[in-house]
Amino acid sequence: MLVYKDLLTAFVWHDFLSVLFVLCCVGDELLSDSFPYREIENGMLWEVSGKWVVQGAIDVDIGANPSAEGGEDDGVDDQAIKVVDIVDTFRLQEQPAFDKKQFLVFMKRYIKLLIQKLDGEKQSLFKKHIEGATKFLLSKIKDLQFFVGESMHDDGSLVFAYYKDGATDPTFLYFAYALKEMKC
């Protein structure tokens with residue numbers, strides 16, 4: 001299984017005594033290969049379909065009618081809740097929405113932080129296409145929900161969700177260059 005972690009919340013630990021570099025398996029898990037993605041905006045963004053699912057107790061109908069047999073009908077279990085699979089699986093934390101100005105301030109800082117983590121070729125492709133991806137997100141800003149990883153790290157990546165024309169399930173958007181692939 002492949003897990004995609006936030007490159008900005010992962011770090012490298014350096015043990016000076018034994019002069020070993022150890023890449024810690026830290027970083028917010030944001031996605032896995034269980035959720036297929038489609039590249040958009042020149043590969044800058046990954047688009048992933050989420051689904052509303054019911055969690056908790058399942059009501060099983062065994063054909064009995066308790067009220068007709070003198071018993072009480074307990075109805076539906078109030079422990080069952082509806083969640084979005086991606087949000088629940090990766091423990092994403094919803095954040096307050098940004099307006100256009102706040103989003104541009106965030107993007108300037110985000111680009112600066114992410115460029116430092118990218119190697120030469122990825123860095124040049126990122127610089128070339130990030131403006132288009134930013135404009136794409138800005139065009140949907142009023143419809144977007146904003147999420148961060150479980151750690152809620154200030155410098156972490158954002159995950160965006162919105163509902164496509166008339167859809168009942170959300171579509172998620174990830175910055176592709178901010179994801180680090182890890183085998184589990």
Side-chain angles (χ1 to χ4, degrees), residues 1-15 20-53 55-56 81-99 102-119 121-123 125-127 129-130 133-134 136-138 140-141 143-163 169-184:
M1 173 182 203
L2 297 176
V3 173
Y4 300 99
K5 294 188 174 197
D6 182 6
L7 186 62
L8 294 178
T9 58
F11 64 90
V12 175
W13 174 65
H14 183 198
D15 180 355
L20 292 175
F21 284 92
V22 179
L23 178 60
C24 296
C25 291
V26 296
D28 291 333
E29 291 183 6
L30 299 178
L31 189 62
S32 76
D33 61 353
S34 300
F35 297 91
Y37 66 87
R38 180 174 79 92
E39 289 184 359
I40 60 172
E41 295 299 314
N42 295 307
M44 291 298 299
L45 297 172
W46 285 0
E47 184 179 74
V48 182
S49 297
K51 288 188 174 100
W52 282 98
V53 295
Q55 267 191 347
I81 58 169
K82 279 182 83 172
V83 296
V84 177
D85 55 358
I86 293 174
V87 172
D88 184 61
T89 301
F90 301 102
R91 295 174 293 282
L92 299 179
Q93 306 297 313
E94 189 167 4
Q95 301 298 297
F98 289 170
D99 62 23
Q102 291 169 322
F103 183 70
L104 289 173
V105 168
F106 165 81
M107 285 303 297
K108 284 181 182 178
R109 183 169 182 249
Y110 182 76
I111 290 167
K112 185 178 178 181
L113 291 171
L114 190 55
I115 281 178
Q116 297 171 15
K117 302 275 185 174
L118 301 175
D119 63 14
E121 185 180 337
K122 279 188 175 183
Q123 196 177 78
L125 286 171
F126 180 79
K127 287 177 181 178
H129 298 295
I130 190 61
T134 302
F136 175 81
L137 291 168
L138 273 172
K140 299 184 176 318
I141 196 82
D143 299 324
L144 294 177
Q145 287 178 279
F146 299 83
F147 294 90
V148 293
E150 182 178 20
S151 72
M152 297 181 68
H153 195 284
D154 288 343
D155 293 335
S157 294
L158 283 177
V159 177
F160 310 94
Y162 73 105
Y163 291 84
D169 291 322
T171 297
F172 288 81
L173 299 169
Y174 292 82
F175 282 111
Y177 287 88
L179 298 174
K180 179 173 181 59
E181 183 180 287
M182 311 271 305
K183 285 191 181 204
C184 291

Inset, instruction - Please answer whether the main-chain N or O of E150 pairs with a side-chain N or O of Q93 as donor and acceptor at a distance below 3.5 Å. - result: no
Inset, instruction - Please lay out, stage by stage, how W46 and L31 fare under the test side chain to side chain contact (heavy atoms under 4.5 Å, CB included). - result: CA-CA 10 Å; W46 285 0; L31 189 62; 3.9 Å; yes
Between side-chain atoms of residues 102-109 and protein atoms elsewhere (two or more places apart, or another chain), which donor-acceptor pairs fall under 3.5 Å?
| residue | atom | partner | partner atom | Å |
| --- | --- | --- | --- | --- |
| Q102 | OE1 | D99 | N | 2.9 |
| R109 | NH1 | D155 | OD1 | 3.0 |
| R109 | NH2 | D155 | OD1 | 2.3 |

Legend entry - Sub-4.5 Å side-chain heavy-atom contact between F172 and V84: yes
Legend entry - Worked verdict on F146 versus F160 for side chain to side chain contact (heavy atoms under 4.5 Å, CB included): CA-CA 5 Å; F146 299 83; F160 310 94; 3.6 Å; yes
Legend entry - ring pair (Phe, Tyr, Trp, His ring centres under 6.0 Å) involving F90 - partner list, sequence neighbours excluded: F35
Inset, instruction - Tell me, please, which residues at least two apart from Y177 pass side-chain hydrogen bond (donor to acceptor under 3.5 Å, both in side chains). - result: none
Legend entry - Set of residues satisfying side-chain hydrogen bond (donor to acceptor under 3.5 Å, both in side chains) with respect to Y163, sequence neighbours excluded: W52
Inset, instruction - Please examine the side chains of L2 and K183, heavy atoms only from C-beta on, and report whether any two atoms are closer than 4.5 Å. - result: yes
Inset, instruction - May I ask you to test the L144-F98 pair for a side-chain heavy-atom distance under 4.5 Å? - result: no
Inset, instruction - Output the distance between atom CD (E181) and atom CG (L7), rounded to the nearest 0.5 Å. - result: 12.5 Å
Inset, instruction - Given side chain to side chain contact (heavy atoms under 4.5 Å, CB included), test L8 with Y110 step by step and report yes or no. - result: CA-CA 9 Å; L8 294 178; Y110 182 76; 3.4 Å; yes
Inset, instruction - State, with a plain yes or no, whether a side-chain heavy atom of M44 is found less than 4.5 Å away from one of I130. - result: yes
Inset, instruction - State, with a plain yes or no, whether a side-chain heavy atom of L173 is found less than 4.5 Å away from one of F136. - result: yes
Legend entry - Partner residues of N42 under the side-chain hydrogen bond (donor to acceptor under 3.5 Å, both in side chains) criterion, sequence neighbours left out: H129
Legend entry - Within residues 30-45 or reaching into it, pairs that qualify as salt bridge (Lys or Arg N to Asp or Glu O under 4.0 Å) - sequence neighbours excluded: R38-E47
Legend entry - Donor-acceptor contact present, side-chain D6 to main-chain S157, <3.5 Å: yes
Inset, instruction - Evaluate whether atom NZ of K51 has more than 12 neighbouring non-hydrogen atoms of other residues, nucleotides or ligands under 6.0 angstrom away. - result: no
Legend entry - Side-chain heavy-atom pair Q95, M152 within 4.5 angstrom cut-off: yes
Inset, instruction - Evaluate the side-chain proximity of L137 to L45: yes if any heavy-atom separation is below 4.5 Å, no if none is. - result: yes
Legend entry - Side chain proximity check, Y174 to Y4, heavy atoms < 4.5 angstrom: no
Inset, instruction - Return yes if some donor-acceptor pair links the side-chain N/O of D143 with the main-chain N/O of Y162 below 3.5 Å, else return no. - result: no
